Protein chains: 2
Amino acid sequence: MTVLNARTRPTQADVAQLADVSPSTVSYLLSGNESRKRSFPEETRKRVEDAAAELGYVVNHRARALRRQRSEIIGVAYVPPVTPWFDAFSARALRHFAERDYSLVQIPFESDTAESVQRALARGYLDALIANCDDQDNEKMLAYATDSNVPVTIFSDTIVTDAADVVREFQREAVIDAVRYLADSGRRRIVFLDYEAPHGSPHVNLRKRGYLDGMRAADLSSRVVTCADNRQATYDQVLRLLAEDEAPDALISFSDRGAVSAIWAAGHAGIRVPDDLAVIGCGNTAEGRSTVPELTSLGIPEGDFAAIFDHVLERIDDPAVPCTTLSLPWTRFVRASS
Amino acid sequence: MTVLNARTRPTQADVAQLADVSPSTVSYLLSGNESRKRSFPEETRKRVEDAAAELGYVVNHRARALRRQRSEIIGVAYVPPVTPWFDAFSARALRHFAERDYSLVQIPFESDTAESVQRALARGYLDALIANCDDQDNEKMLAYATDSNVPVTIFSDTIVTDAADVVREFQREAVIDAVRYLADSGRRRIVFLDYEAPHGSPHVNLRKRGYLDGMRAADLSSRVVTCADNRQATYDQVLRLLAEDEAPDALISFSDRGAVSAIWAAGHAGIRVPDDLAVIGCGNTAEGRSTVPELTSLGIPEGDFAAIFDHVLERIDDPAVPCTTLSLPWTRFVRASS
DNA sequence: TTGTAAGCGTTATCAG
DNA sequence: CTGATAACGCTTACAA
């Protein structure tokens, strides 16, 4: 004998009572699969739907999650501050999963502990996790994945594992290709703008690697300038660089952000882009599109995330589906700056 | 008669069996309150803890959420792209709530529909929601809040409601104060750099309002320059502005971002900041700290979010706690640029 | 000090 | 076509 609590949301039992059917009928009609639904007469279905509408019934997610062993929540983990790329990625994920009735949540975490991700995975309120972080953190993700049994997807060009789906971007190869592209168009003094890794993380800098390999292949002598992680500082450094006797005729930047600063610096040094100086960034972010001239950039092609998302859903549906390695090679988006 | 599924995580029943106690004992010991725990002899507790460790038991969040009617997940909703301010805010929230055993998730949503927030609230997997958006979206949040019964907190200087906690930032008053500050230090030609609202949203621009009111109070004639939402464009506009005959001797920008572009423009026009031109931004973001000279900015003081977070927790613990209006007035952070 | 048992709201099996 | 009924894993009176 339960007194109906006014503060509490209506349950299927309430709907059943009002529609004068059994709770299981309500369950079938309100959240069963389509074919099962069709086995009910139109009249019953309407009665139930009306009753639900009248009471403002909406399914209790907690109960459903327990019973179905599925929360219909997918998480994307990242280390703040958010990058424009990650922003775009989440937006695509949000839409893709929403169409399939999944919620998407972002889990920001601190790189040293990754505590919030660990908590999320241990508590098990996620059906899957997509992590966008460096290899150091990726290793943690793999560990959490194995002892929480939650399907995890990571982005890494180097890690080999069967504990998680891995997305390969082939960053190194993309930069090699960019160097070749510049060399082919006659550039000789190509300089790489690098950034110090945050927190002295020891992860491999594949973009720099690609630059060095590319330069060696083109038989050009390489030069790396390490910039401070700060627009103004980058700007100043590029300004000095361009004032040198043997000034570069092309720049490849670790990030679009650095490349944008370089374009500004060139502009104010009276150096024409791309005529006197070609500039290429990495990331293919929105920021690069709003400079004058527009920035050529290397990055993940838009529109190809679907394969990743779908594989995540497959793994949720059937845990026996094996982890795979997905290829999502960076593309060269040639715009006005090169 | 259930066969223990190998893929399934151990339950309290498994722990109980191994430790040779009843399931409720395990529950009390592993997730009961402290005083209850102390009523068990050390020996039992140790047996249970050892068994749990051996099996790698971790509480099933879905079952607990159903039973406790509480998910211990708090959401912060926002419209991408993320702002530096929101980044900082989430980081503080993450830490504050984590210390109290709550998870924090971010819910990005699209401003026109707010569908993902609606879904999250309807499904009820959040114990509370903090939304950071403009008044247009805030109205939606209020509607969702009332029909989902989830405690919601919004940021608004104008909305009056008892359906949600409201945080007042007093942006208008802060800008009035900034104008007075500039006027007192002898500035006369103070210009406001404004931005067009995205998607033509009709929300009140309290910063501009404050500027206009402040100028009137100081008996100065006002001038608003509306910039495109784009660093380069702002830069160019400020450059033109500074080349005028009656060039401004002070700028107040709607955002730190715009103020930073202004500082750069001044630098390249050979105009000294702050001697010839004072610059003040809004938001007190990290970006402003990395310019030369450092940017004076208006914004929420760091370290005062605790009151907001604690009130959220109070409302979770007791739904009868009434909604309040919290004051978190913007402060003037005077640095080198003014 | 510990165990029994009744739920939390939903889904799925199975019988009618 | 519909309705009992038994879980899902955990919490918490209440009983022993």
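Chain identifiers are assigned alphabetically (A, B, ...) following the order of the sequence lines, protein sequences preceding nucleic acid strands; residue numbering begins at 1 within each chain. Bear in mind that the values here come from a model prediction, so they are computed numbers and not experimental data.
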Enquirer: For A:Leu66 and C:dT11, give me the distance from atom CG to atom P, rounded to whole Å.
Expert: 11 Å

Enquirer: Whether the A:Ser27 and A:Ser24 side chains hold a donor-acceptor pair (N or O, under 3.5 Å, no angle test) is what I'd like checked.
Expert: no

Enquirer: For B:Asn60 and B:Thr11, does a side-chain donor sit closer than 3.5 Å to a side-chain acceptor?
Expert: no

Enquirer: Between atom CD in A:Gln69 and atom C1' in C:dA12, what is the gap in whole Å?
Expert: 13 Å

Enquirer: Do any side-chain nitrogens or oxygens of B:Ser22 fall under 4.0 Å of OP1 or OP2 in C:dT4?
Expert: no

Enquirer: For A:Ala13 and for A:Tyr28, locate the closest nucleotide of DNA chain C by heavy-atom distance; then report the residue assigned to the nucleotide nearer the 5' terminus.
Expert: A:Ala13

Enquirer: Does the side chain of B:Ser111 pick up a donor-acceptor pair with the side chain of B:Gln136 at under 3.5 Å?
Expert: no

Enquirer: Take the protein atom CZ of B:Arg68 and the nucleotide atom C1' of C:dG7, then report the distance between them rounded to whole Å.
Expert: 16 Å

Enquirer: Suppose we call a contact any N or O donor and acceptor under 3.5 Å apart; does that hold for the side chain of A:Arg67 and the base of D:dA7?
Expert: yes

Enquirer: How many Å lie between CD on A:Gln12 and P on C:dC8, as a whole number?
Expert: 14 Å

Enquirer: Do the side-chain N or O atoms of B:Thr11 get closer than 4.0 angstrom to the phosphate oxygens (OP1, OP2) of D:dG9?
Expert: no

Enquirer: Considering just the side-chain nitrogens and oxygens of A:Tyr57, establish if one lies under 4.0 Å of OP1 or OP2 belonging to C:dT10.
Expert: yes

Enquirer: Using atom CG of A:Asn60 as one end and atom C1' of D:dC8 as the other, report the distance to the nearest whole Å.
Expert: 13 Å

Enquirer: Just how far, in rounded Å, is C1' of D:dT12 from CZ of B:Arg64?
Expert: 13 Å

Enquirer: At under 4.0 Å between heavy atoms, what does A:Ser24 touch on the DNA or RNA strands: base, sugar-phosphate, or nothing?
Expert: base

Enquirer: Can you check whether A:Thr44 has a side-chain N or O nearer than 4.0 Å to OP1 or OP2 of D:dT2?
Expert: yes

Enquirer: Would you please indicate yes or no on a ring centroid separation below 6.0 angstrom for A:Tyr78 and A:Phe89?
Expert: no

Enquirer: Check the distance between D:dC10's P and A:Tyr125's OH and give it to me in whole angstrom.
Expert: 18 Å

Enquirer: Under 4.0 Å between a side-chain N/O of A:Thr25 and OP1 or OP2 of D:dC1, yes or no?
Expert: no

Enquirer: Any side-chain to backbone donor/acceptor pair from B:Asp127 onto B:Glu72? Under 3.5 Å, distance only.
Expert: yes

Enquirer: Between C:dT2 atom P and B:Arg45 atom CZ, what is the distance in whole Å?
Expert: 12 Å

